[in-house]
There are 2 protein chains.
Amino acid sequence: MKTEKTTIHDIARHLNITASTVSRALKDHPKISSETKKAVHKTAQKLNYQPNHIAAALRNGKSNIIGIIVPTVDRSFFSSVVRGIEEIANTAKYNVMICQTYDNFEKEVSTVEALLNARVDGIIVSHAKETLNFDHFLKVKERGIPLIMFDRYNDELEVSNVVIDDFLGAYKVTEHLIQQGCKRIAHFTNTRKISIFKDRLRGYREALADNGLPYADELVVESNLQQEDGKAGMQHLLTLKEIPDGLFSASAMGALGAMEALKERNLRIPEDVAIVTFSNETFTSVTEPPLTTVDQHSMRIGNAAAEIFLEEINARERKFIPQKIVLKPELIIRRSSLRKK
Amino acid sequence: MKTEKTTIHDIARHLNITASTVSRALKDHPKISSETKKAVHKTAQKLNYQPNHIAAALRNGKSNIIGIIVPTVDRSFFSSVVRGIEEIANTAKYNVMICQTYDNFEKEVSTVEALLNARVDGIIVSHAKETLNFDHFLKVKERGIPLIMFDRYNDELEVSNVVIDDFLGAYKVTEHLIQQGCKRIAHFTNTRKISIFKDRLRGYREALADNGLPYADELVVESNLQQEDGKAGMQHLLTLKEIPDGLFSASAMGALGAMEALKERNLRIPEDVAIVTFSNETFTSVTEPPLTTVDQHSMRIGNAAAEIFLEEINARERKFIPQKIVLKPELIIRRSSLRKK
DNA sequence: AAGCATAGGATTATCGATTGCGCAATATAT
DNA sequence: ATATATTGCGCAATCGATAATCCTATGCTT
């Protein structure tokens, strides 16, 4: 049943040569005659030889595997990024190992350790919402293993990162609401002040300021940004003396909850309250009405992250200077915010 | 910068003992005194020792990695299955390596090869829609590596598989439409006749027959089941002399397209055409109206698949008899099909 | 006190691929 | 024809962890 796996030694034995010659022949080493190479390939085929990457990895000290850590792949943003990484990685003969933290700090720490022990050649990560302590990532850096962060990142780590311009996205989308005639715009932000949410909040505030609209604390609701939070948030906003006429939710799930609350009160979207949100999740296009969002070019984020990894790997000895890539977000306008035709 | 990684030999040197003792001490081998163990753990800590899984994998012939192959993780069904697998696998000290085929046959073949070369201890897979030839999976079997298929599978391979009862799900959901008063129910199925779609079609037909409704070829539309296919499919159905009053789409994206077509024609859902679909994707609950679907217990599918893997690994030498686990699906009734209050 | 068991480790080979160094045989130069 | 290059490949070590086998002091038995 269990076929004995054939090794380069088996091939060598068949041809009366040594394993080292086989190894070189398979790698197309210039010092091996083309006849030998041909013979080696032929018997490799015949014996159904499959290289043992583990052995090679041990010897070479590199596994040709890139570890990817994301909160969950169950969101089109993250899975698209992963796809973008794979696109580039595969052409460079790297495989990826995808791990999910489910936004849990302990799981993130143990995942990093597991990847380190698996001797991945690099790690690309978007950290958990819970993560406040970055020591586990520091360890990666100290090991000399390329670490690239995307979307959610931490400046103090001094590693390369790829992000979209959250500030600009927030600014544009808020400005869009203003252009649609909104005067009293609410904002859903995350309790945990990770960079992306801080930037979105800044974008929101600056757009208001630049357009002569006042900022009101009561219109900014902090939560975990899940659907139920969004619903509760909107229900709360509707108790204000003066209810908002627009909402910019920093998360799509939050926007969904808000829509629910509005429908229950028979308020119209966008006529009574216009809604815009972030991250172009699949479902944003199928809600009623479809949601205006900011597209984050997730695939390109992945491409860029993988490219940085490759550069960094090749830089090696020479010191590599961490770089920051900021992609421009794009507005996707749908009915949830379209008051003017 | 690049910290020299410490090995068990370094620890051994520090304590004036041998590497094998260190190895045994770390694994809590009974033949090592507790003092030595304590000392080893202490200096391991001090030297910041991290085991090299690659070396162990080479020596032991097992990597403690389970390969997972899915069409894409960008669908809650698959990502939930993955999560279910991880849940069980992690408790048994296995890590997972997730790979996506994007429903492409060549990518699937090369992925299988990559996993084999990475010497994974087992493979859990839901194959690509395109896949008709299963030789690459046969190779996995021949290597003696546990192979478990879920959702989409192939009977001829004689490997364990975990599925939900597609027939029953289809039967129940069609019957539900009938109970809601539908007399002329259409069905969207896939062009490629992989088992799950065949079973859903059977369930549909049998439910019709059991309830005295005629089967009509013109009401069954074959496509790739994407959103645009669903839209086109419904547009076609609306040109029939007698249009349908119900639709069972074998895919959620297809149902979405159908809704689009109906809305454009100002037909009401569910009053004019009631809709039900399969697979409880996130977005099905946020459409207008929300879609009635069949929940596939995706997390439990993953649990079961991982459990079979563990059994199979432990069976080893003894011959393992492939098993088939069929989970019962559950109806989730939402407004898209609810005519009676 | 001689004989045997046992605890606690040391030796050494091994997993499969890779590579620096060395060497023989052939080719080229002068 | 002698000296030097070049071609083509073998030798042996190495990557880090592990396990089968072998040793050597103690401890225990009668």
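Each chain gets a letter, A, B and so on, in the order the sequences are listed, and its residues count up from 1. In this text, all values refer to a predicted model and were calculated from it rather than measured experimentally.
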For residues [X] and [Y], determine if any side-chain heavy atom of one lies less than 4.5 Å from a side-chain heavy atom of the other.
| X | Y | result |
| --- | --- | --- |
| Ile85(B) | Ile124(B) | yes |
| Phe78(B) | Val73(B) | no |
| Asp155(B) | Lys324(B) | yes |
| Arg192(B) | Glu130(B) | yes |
| Met97(B) | Ile68(B) | no |

Are the aromatic ring centres of Tyr49(B) and His14(B) under 6.0 angstrom apart?
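No; His14(B) has its ring centre 6.0 Å or more from that of Tyr49(B).
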Leading and trailing nucleotides of DNA chain C with any atom under 4.0 Å from heavy atoms of chain A:
dG16(C) to dG20(C)
Along DNA chain C (nearest heavy atom to each residue), the more 5'-positioned of Ala19(B) and Ala55(B):
Ala19(B)
Sidechain N-carboxylate O distance under 4.0 Å for Lys46(B), Asp10(B):
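Salt bridge absent between Lys46(B) and Asp10(B).
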Asp103(A)/Arg152(A) salt bridge by N-O under 4.0 Å criterion
yes
End-to-end bend of the helix from dA1(C)-dT30(D) to dT30(C)-dA1(D) (five-pair axes, 10° rounding)?
40°
How long is the straight-line distance from CG of Leu15(B) back to NZ of Lys42(B), given to the nearest 0.5 Å?
9.5 Å
As an exercise, state the distance from NZ of Lys38(B) to OG1 of Thr36(B), rounded to the nearest 0.5 Å.
10.0 Å
For residues 21-31 of chain B, which residues have at least one heavy atom under 4.0 Å from DNA chain C?
Thr21(B), Arg24(B), Lys31(B)
Which residues in residues 33-40 of chain B have a heavy atom closer than 4.0 Å to any atom of DNA chain C?
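When residues 33-40 of chain B is checked for heavy atoms under 4.0 Å from DNA chain C, the hits, listed by number, are Ser33(B), Thr36(B).
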Please find the pair of heavy atoms, one from Arg75(B) and one from Asp74(A), that lie closest to each other, and give the distance.
C-OD1, 4.5 Å
Testing the 3.5 Å rule here: is there a donor-acceptor pair between the side chains of [X] and [Y]?
| X | Y | value |
| --- | --- | --- |
| Thr18(B) | Thr21(B) | yes |
| Tyr102(A) | Glu86(B) | yes |
| Ser79(A) | Ser76(A) | no |

Which part of the nucleic acid, if any, lies within contact of [X], taking any heavy atom under 4.0 Å across all strands shown: a base, the sugar-phosphate backbone alone, or nothing?
| X | result |
| --- | --- |
| Thr7(A) | sugar-phosphate |
| Ile17(B) | sugar-phosphate |
| Ile8(B) | base |

Does the plane of the ring in His127(A) sit parallel, tilted or perpendicular to the ring in Phe137(A)? Use 30° and 60° as the thresholds.
tilted
Geometric class of the Phe150(A)/Phe77(A) ring pair [parallel <30°, tilted 30-60°, perpendicular >60°]:
tilted
Does Lys62(A) offer a backbone N or O that forms a donor-acceptor pair with the side chain of Asn60(A) under 3.5 Å?
no
Check DNA chain D against residues 109-120 of chain B and give the residues with a non-hydrogen atom under 4.0 Å, in numerical order.
none
Just to be sure I understand the geometry, which residues of residues 59-67 of chain A put a non-hydrogen atom under 4.0 Å away from DNA chain D?
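DNA chain D contact set from residues 59-67 of chain A: Arg59(A).
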Working for side-chain contact (heavy atoms from CB on, under 4.5 Å), residues Leu327(B) and Ile301(B)
CA-CA 8 Å; Leu327(B) 300 176; Ile301(B) 290 184; 3.6 Å; yes
